[in-house]
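Atoms considered below: every heavy atom in the structure, side chains included; atoms not considered: hydrogens, waters and symmetry mates.
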Amino acid sequence: MTTRTVDTTQELAAFLRTRRERLHPRDVGLPSRRQARRTPGLRREEVAELAGVSTDYIVRLEQARGLRPSADVVEALARALRLAPDERAYLFDLARQRPRTADRPATQAAPPLARLVTDLSPLPAMLMNHRYDILAWNGEMARLLLDFDTLLPSRRNAMWLCLMHPEMRELYVDRERVVRDGVAHLRAAWAAHPEDQALSGLITEFTTRDAEFSRVWAERNVKVNGRGRKEMRHPDVGALAVHFEVLMPIQDTDQRLMICRAADDESQAALDRLRTR
């Protein structure tokens, strides 16, 4: 299968259609009409009315006829379609109306950040880029997840491991939610980095090799998850839960620092046992 980067015109069209189809007139304060609707969601003329543009303009956008909406129009469409903040950012990326960062995609850990990952011990920590490539980690994170040193560099990718690695597939209690969150993040990254061949290659591999990823990817959900909780079934210490936080440095904006801490006393005891192994 050929790896492809983002066709922003086609993806913008598809994203607008899916967001329109999930809304009901009552969701946006429009009266319900008596005649049955042949298709789900809002009609194009209703979106046009809410956004203050012509119906023909909406039709041409959804048919991918080469329009590039202005920032004002993108904002109006985001409001009309009741987009969440991450979806709004995604729409701006597709329309090429969000300022680009000057940083190139990171392939190596910035040395100060690599040292910080080590210094964060005993908290499990690792450094990733927008593709979920794992650039640096400390011993606590390796014991919590996997010994990354045993992997080829091309396989040190958090999403690949979750989908493809036998041990990691069994690690998360709520694996479906973890996969959904990861897919929603990758879709946002895909729009923000449309020329990233490596990212497009990963997505192609995932969609062709993993039915779950392919199904969730087609839903076009977008979310950047910077904090949360993950419950695990660890093969060495049993059940544990961690809270995680993802931080983005100001100076190296393509690198993300993930820090984990125990969610409860039992989980802290499990992490303590891991450190002594």
*Restricting to pairs with a member in residues 145-161, which pass salt bridge (Lys or Arg N to Asp or Glu O under 4.0 Å), not counting sequence neighbours?*
R155-E205
*A142 to F148 - nearest heavy-atom pair and separation*: CA-CE1, 4.3 Å
*Regarding E140 and S121, is there a side-chain donor-to-acceptor distance under 3.5 Å anywhere?*
yes
*To the nearest 0.5 Å, how far apart are OH in Y132 and CE in M258?*
7.0 Å
_Salt bridge R261-E245, side-chain N to carboxylate O under 4.0 Å_ = no
*Return yes if some donor-acceptor pair links the side-chain N/O of S214 with the main-chain N/O of D210 below 3.5 Å, else return no.*
no
_Residues that P112 engages under side chain to side chain contact (heavy atoms under 4.5 Å, CB included), provided they are two or more places apart_ = A110, R115
*Residues which pass salt bridge (charged side-chain N to carboxylate O under 4.0 Å, His left out) with R82, listed by chain and number, not counting sequence neighbours*: none
*What residues, two or more places apart in sequence or in another chain, satisfy salt bridge (charged side-chain N to carboxylate O under 4.0 Å, His left out) together with E231?*
R229
*Go through R19 and L83 one step at a time and tell me if the side-chain contact (heavy atoms from CB on, under 4.5 Å) criterion holds.*
CA-CA 8 Å; R19 300 308 96 165; L83 298 186; 3.7 Å; yes
*Any side-chain hydrogen bond (donor to acceptor under 3.5 Å, both in side chains) involving residues 122-131? Give me the pairs, sequence neighbours left out, ordered by first then second residue.*
N129-D133, H130-D196, H130-D254, R131-D133, R131-D196
_Would the distance check show the side chain of R187 and the main-chain N or O of W217 forming a donor-acceptor pair, the cut-off being under 3.5 Å?_
yes
*Take atom CZ in R227; do more than 12 heavy atoms of anything else shown fall under 6.0 Å from it?*
no
*asked:* Using the salt bridge (charged side-chain N to carboxylate O under 4.0 Å, His left out) criterion, which residues pair with R275? Sequence neighbours excluded.
replied: D272
*Do we see a donor-acceptor contact under 3.5 Å between the side chains of Y90 and E11?*
yes
_Under-4.0 Å salt bridge between E212 and R175_ = yes
*Taking NZ, NE, NH1 and NH2 as the nitrogens, is one of them in R17 or E21 under 4.0 Å from a carboxylate oxygen of the other?*
no
